[in-house]
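Below is one structure; the comments refer to it alone.
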Amino acid sequence: MDVFEGLNKEQAEAVRTVNGPLLILAGAGSGKTRVLTCRTAYLIKECGVNPFNILAITFTNKAAAEMRSRIDNMVGFGSEGIWVSTFHSMCVRILRRYIDRLGFDNSFSIYDADDQKTVMKEVAKRLEINTKELPERAILASVSHYKDELVSVEEAEREALEDFTLRDTVKAYRLYQETLKKNNALDFDDLLVKTVQLFRSCPEVLDSYRDRFRYIMVDEYQDTNTAQFELVSLLAGKHGNICVVGDDDQSIYKFRGANIRNILDFERVYENACVIRLEQNYRSTQNILDAANAVISNNRGRKEKSLWSDRGRGSGIRLRYCDNAYDEADYVVDSIKRKRSLAGSDFRDFAVLFRTNAQSRILEEKFVMSGIPYTVVGGVNFYARREIKDLLAYLKTIDNARDDVAVKRIINVPRRGIGAVTVNKLEKYALDNSLTFFEALKEADKAGVGKAALKLKAFVELIMGLREELVNGSVADLLDRVLDETGYIEGMDAADDIDLKTRSENIEELINKAAAFDEENEGADTAEDLPGASARSVLSRFLEEVALVADIDNTDDNDNRVLLMTLHSAKGLEFPCVFITGMEEGIFPGFGALQSEDEMELEEERRLCYVGITRAKDELSLSCARARMVRGETHYHAASRFIAEIPEKLFQDGTGQASGRARINRQAAGALPSSGPSLPYYNVKPALMGKPYGTADGQDRQRVRSLKLIPRGSDLKKGPEEIDYAEGDRVSHIKFGTGTVQSIVKGVRDYEVTVDFDTAGVRKMLAGFAKLKKM
DNA sequence: CTTTCTATGCTTTTT
DNA sequence: GCATAGAAAG
């Protein structure tokens, strides 16, 4: 197969340019993944490069998986030698092998935002920092920025000599790092920092990776931070074959430390760099592209480019002005319904985008009412849910009891009568004797905790007993044992039945994921590609995999559902029909960006808008609401300036109505008779609109409040679980297979069912949780 | 030690 | 408006 087949001139050139630094400025939808895939194939097939020598770095696991499968299809045999991974998982892989050289144990655990906060809280307490003046999250933000910029504790301390206000922050930075080290843990930022540190301090390690990764490709380069830039530079430092792909107009992660200069200055840093622009868009209609171009052209300091398409004009952009967020949600739901019945679209053809996660709730409620299947991407990551984190903390403790955060999390979950007083005593004992928290537990009788010693002993024995279970090697089995022996399900203090059910479903989902992992890893060799690697337990690898998944990674393209997500999450995706909601000053662009002195913030919002618009293939719909609840208060916003930046002629006016912009004004004035002078809705400063006129639809709010928690991503089954089997019936279980029901006992919250499985033996489980099927 | 009540603050955006 | 954290009561 010809690797150049179907490529345009610029794409082909990008594929052919394999030596030296290359910057591909790839506009949205310009086929960059295709170029990267073909380029990889070209390297292997035409240039005789060993797949082993190629590294491709992407932003999300989902993007990595997609690139992997496309490369596999194109290259076939041998493609598995290519490293395709995210920055973070690449770093983990390297650190698992070599981090002992920095004084960490290779079995380090990875802390998420939640764990970070726990640690920082402790740090603040020990340093007696007033968290009213300096909240933990502010310290954590500073720490994260230091790390993004590769500023070490020592350097930060030097800086703090000049700036008195930084003193507490820097003191906390130091103690935070020391605590992490003691816990043998790294946070997300550390993964990058420590890898850079490793490369800088161990030239022979760096050298081995330089020789391995002779050809490097980095996707979404505009979103790299300084640490990532340094990492890539180090790796490419010898062979210099570095190809970066990105679009400065799609740089939307500045808040997270992304340094747009990395892409803007690429040509200056790599003097002999070749630059190729991909401007032909294969995704959207010209109308959509014109809108995107018009909006983004208001930004300064960008690399000039202009997308074009040969797909034709397409239909006009739709614009809807709504009274409030409920009307807006109705509009979205109705549009989807109508479009589906008229054009026979699938649910998966639609995406609804918004600026902040908080906006998803109302949309979700309307989707539930209408029965349209949907998935909310983002929000609370699956692995960040309380019950999941609890169980993972058990697994971590079983795997590596050095992680104090995990141990403390579960020591009294479910309730064992071990309270704060006891924990404090143990903490002090551990600190005084330089022990880990778990080691202190083992010596509880010496720590002067009185009667609690017995309970602690039982807890230690529980963990030790579960650790025995490890040898059997199945994570799913281990999880079952944990649930069984701790009585976790019975001990859950859920607010209500729906909550309980949601959590049970999440737990089941975790077991399913574990079972899938077990299956994939059956008999897998733990030794990796270099000799001398210590074999790591299945459990460790499971925990590692789970630590680095984003919510977007879990979305299944085969599901026929409408996707609801933030504009950020939508990056890299495309849909035939896209709704961008909440197009209001103060929402999008957000309040912070409007207030900020820094004009760059508004430009970032604009780029975000550009990203949103360019997700649409055929149809784009923008909507805004006159009144919206923000944090329990009704706010009145003007329509977003981004709407005004789109030329009127691109809006739909097929029905003989006034064109888009005029329509806004008309509706704004007409919607509320009492609204006084019919101000044009643009350029109305929020301050002028502070006084509410008319109530913002109290009825609607009441109606939805009763709906409450909706299990995300789960089918919209309703009603309580009913048991359709009786004692003596044959049933099947998703994991244990078939068996015979021995007894059914009504428990506190649910039926407790005992089943004698044909292969898995006798098991006791809760009916609502086990989901047994009658045969 | 646990439960219940009250106050606070949160909203950008995520690997 | 909601979730969380901390205080107070049991």
Quiz item: Using Watson-Crick and G-U wobble pairs whose two distances are both under 3.5 Å, how do you write the pairing of DNA chain B as dot-bracket, with | for links to another strand?
Solution: ||||||||||.....
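dC1(B) atom C1' lies 15 Å from atom CZ of R416(A), rounded to whole Å. The NZ atom of K455(A) sits 7 Å away from the C1' atom of dC1(B) (whole-angstrom rounding). As rounded to whole Å, 19 Å separates atom C1' of dT13(B) from atom OH of Y610(A). In this structure, M565(A) atom CE and dT14(B) atom C1' are separated by 14 Å, rounded to whole Å. dT14(B) atom P lies 9 Å from atom CZ of R256(A), rounded to whole Å. Between the P atom of dT11(B) and the CD1 atom of I587(A) lies a distance of 14 Å, rounded to the nearest Å. For E136(A) and dA5(C), the CD to P distance is 9 Å, given to the nearest whole Å.
Using a 30° and 60° split on the angle between ring planes, W83(A) and Y209(A) fall in the tilted class, from 30° to 60°.
Look at D187(A) and K147(A) and you find a salt bridge, because one of the NZ, NE, NH1 or NH2 atoms lies within 4.0 Å of a carboxylate O, short of that distance. Between E220(A) and K32(A), at least one side-chain N (NZ, or NE/NH1/NH2) sits under 4.0 Å from a carboxylate O, which counts as a salt bridge. The residues D223(A) and R256(A) are annotated as not salt-bridged, no charged nitrogen and carboxylate oxygen being separated by less than 4.0 angstrom. Here E387(A) pairs with R503(A) in a salt bridge; the nearest charged N to carboxylate O distance falls below 4.0 Å.
Among the protein residues, F588(A) comes within range of no part of the nucleic acid, since none of its heavy atoms lies under 4.0 Å from any strand. Nucleic acid contact for E633(A): none, since no nucleic acid atom lies under 4.0 Å from a heavy atom of the residue. Using a 4.0 Å heavy-atom distance criterion, G592(A) is classed as making no nucleic acid contact. Nucleic acid contact class of V421(A) (heavy atoms, under 4.0 Å, all strands): sugar-phosphate only. Counting non-hydrogen atoms under 4.0 angstrom, G419(A) reaches the backbone sugars and phosphates but no base. Nucleic acid contact class of F59(A) (heavy atoms, under 4.0 Å, all strands): sugar-phosphate only.
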Quiz item: Please walk me through it: do N225(A) and Y253(A) pass side-chain hydrogen bond (donor to acceptor under 3.5 Å, both in side chains)?
Solution: CA-CA 9 Å; N225(A) 62 25; Y253(A) 283 111; over 6 Å; no
Exercise. Report the C-alpha distance between S233(A) and E230(A) in whole Å, list the side-chain angles of each, state the deciding distance to 0.1 Å, and finish with yes or no for side-chain hydrogen bond (donor to acceptor under 3.5 Å, both in side chains).
Key: CA-CA 5 Å; S233(A) 307; E230(A) 182 62 16; 4.9 Å; no
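Seen from the ring of F104(A), K194(A) does not count as a face-on cation partner, given the 6.0 Å and 45° thresholds.
The side chain of M629(A) approaches dG1(C) more closely than any other nucleotide in the set dG9(B), dG1(C), dT13(B). Distances were taken from every side-chain heavy atom of T566(A) (C-beta onward) to each of dT11(B), dT15(B), dT13(B); the shortest belongs to dT13(B). Taking every side-chain heavy atom of H88(A) into account, dT15(B) is the closest of dT11(B), dT3(B), dT15(B). Each of dT11(B), dC1(B), dG6(C) was ranked by its minimum atom distance to the side chain of K121(A); first place goes to dG6(C). The nucleotide whose nearest atom lies closest to any side-chain atom of K117(A) is, among dT11(B), dA5(C), dT3(B), dA5(C). Residue H568(A) has its side chain nearest to dT14(B) when only dT11(B), dT14(B), dT15(B) are considered. With dC2(C), dT15(B), dT11(B) as the choices, the nucleotide that has an atom nearest any side-chain atom of T86(A) turns out to be dT15(B).
For the pair F87(A) and dT15(B), the ring geometry does not qualify as stacking, because the centroid separation below 5.5 Å and plane angle under 30° are not jointly satisfied.
Residue R615(A) is tested with L620(A), V578(A), I580(A) for a side-chain contact (heavy atoms from CB on, under 4.5 Å); the sole match is V578(A).
Between N412(A) and dT2(B) there is a side-chain N or O to OP1 or OP2 distance below 4.0 Å. Taking side-chain N and O atoms only, N357(A) has a distance below 4.0 Å to OP1 or OP2 of dT14(B). Under 4.0 angstrom from either OP1 or OP2 of dT13(B) there lies no side-chain N or O belonging to S569(A). In terms of phosphate contacts, T422(A) brings a side-chain nitrogen or oxygen within less than 4.0 Å of OP1 or OP2 of dC1(B). Close to dC2(C), at under 4.0 Å from its OP1 or OP2, lies no side-chain N or O of R361(A).
On the P atoms, dT13(B) is 15 Å away from dT4(C), given to the nearest whole Å.
Each of K132(A) and D189(A) has a nearest nucleotide on DNA chain B; the 5'-most of these lies closest to K132(A).
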